[in-house]
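Heads up, the thing below is written out as structure tokens.
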Amino acid sequence: MNKFNLASGVKAQVSFWESARTVFIYLGIPFIAGLISHFGLIKLKGREWFDKVFVPRISPLTIGALLFTIVVMFSMKGEYIIKRP
């Protein structure tokens, strides 16, 4: 007996715009925020301040934010991962 019913297959329809919206949320918004903070803070405070003060402070937060994003993405689809590994 096939416990996971793998032979039946799964049909999923995802529109282009739904995919584009998801990519924008997870990749576009952080990218745009990074560009704004990079160029805006360099213009406002100077390159030396950006490299010596801002980057060391923000670096640990970026790793945490990335980990949080990965956990959220997988936790939202955890039931599917368990059902169909």
Side-chain angles (χ1 to χ4, degrees):
M1 169 125 191
N2 190 350
K3 182 178 177 183
F4 294 108
N5 199 11
L6 295 176
S8 68
V10 175
K11 292 182 181 180
Q13 292 183 349
V14 179
S15 73
F16 171 79
W17 294 111
E18 188 175 344
S19 296
R21 180 180 64 115
T22 303
V23 167
F24 178 73
I25 289 170
Y26 286 111
L27 299 176
I29 292 173
F31 180 72
I32 291 168
L35 285 175
I36 291 170
S37 66
H38 178 81
F39 292 111
L41 288 174
I42 288 176
K43 188 173 184 177
L44 210 68
K45 299 274 192 169
R47 179 67 156 186
E48 185 176 342
W49 179 88
F50 182 81
D51 288 337
K52 292 186 178 180
V53 176
F54 182 72
V55 171
R57 284 188 186 166
I58 198 75
S59 292
L61 294 174
T62 59
I63 299 296
L66 177 62
L67 181 60
F68 174 77
T69 302
I70 292 169
V71 168
V72 168
M73 285 186 341
F74 281 105
S75 67
M76 295 172 99
K77 297 297 179 188
E79 64 189 49
Y80 298 111
I81 294 171
I82 299 297
K83 287 181 184 176
R84 301 182 63 86

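Computed from a predicted model, the values in this text were never measured in an experiment. Side chains included, hydrogens not; waters and symmetry mates left out as well; all remaining heavy atoms used.
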For residues 61-71, which side-chain donor-acceptor pairs fall under 3.5 Å, sequence neighbours excluded?
from: Thr62; atom 1: OG1; to: Ser59; atom 2: O; distance (Å): 2.6
from: Thr69; atom 1: OG1; to: Ala65; atom 2: O; distance (Å): 2.9

Which atom pairs, donor and acceptor, lie under 3.5 Å between side-chain atoms of residues 17-45 and protein residues at least two apart or in another chain?
from: Ser19; atom 1: OG; to: Ser15; atom 2: O; distance (Å): 3.3
from: Thr22; atom 1: OG1; to: Glu18; atom 2: O; distance (Å): 3.0
from: Ser37; atom 1: OG; to: Ala33; atom 2: O; distance (Å): 3.2
from: Ser37; atom 1: OG; to: Gly34; atom 2: O; distance (Å): 3.1

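Partners of Arg57 according to the salt bridge (charged side-chain N to carboxylate O under 4.0 Å, His left out) rule, which considers only residues two or more places apart in sequence or in another chain, do not exist here.
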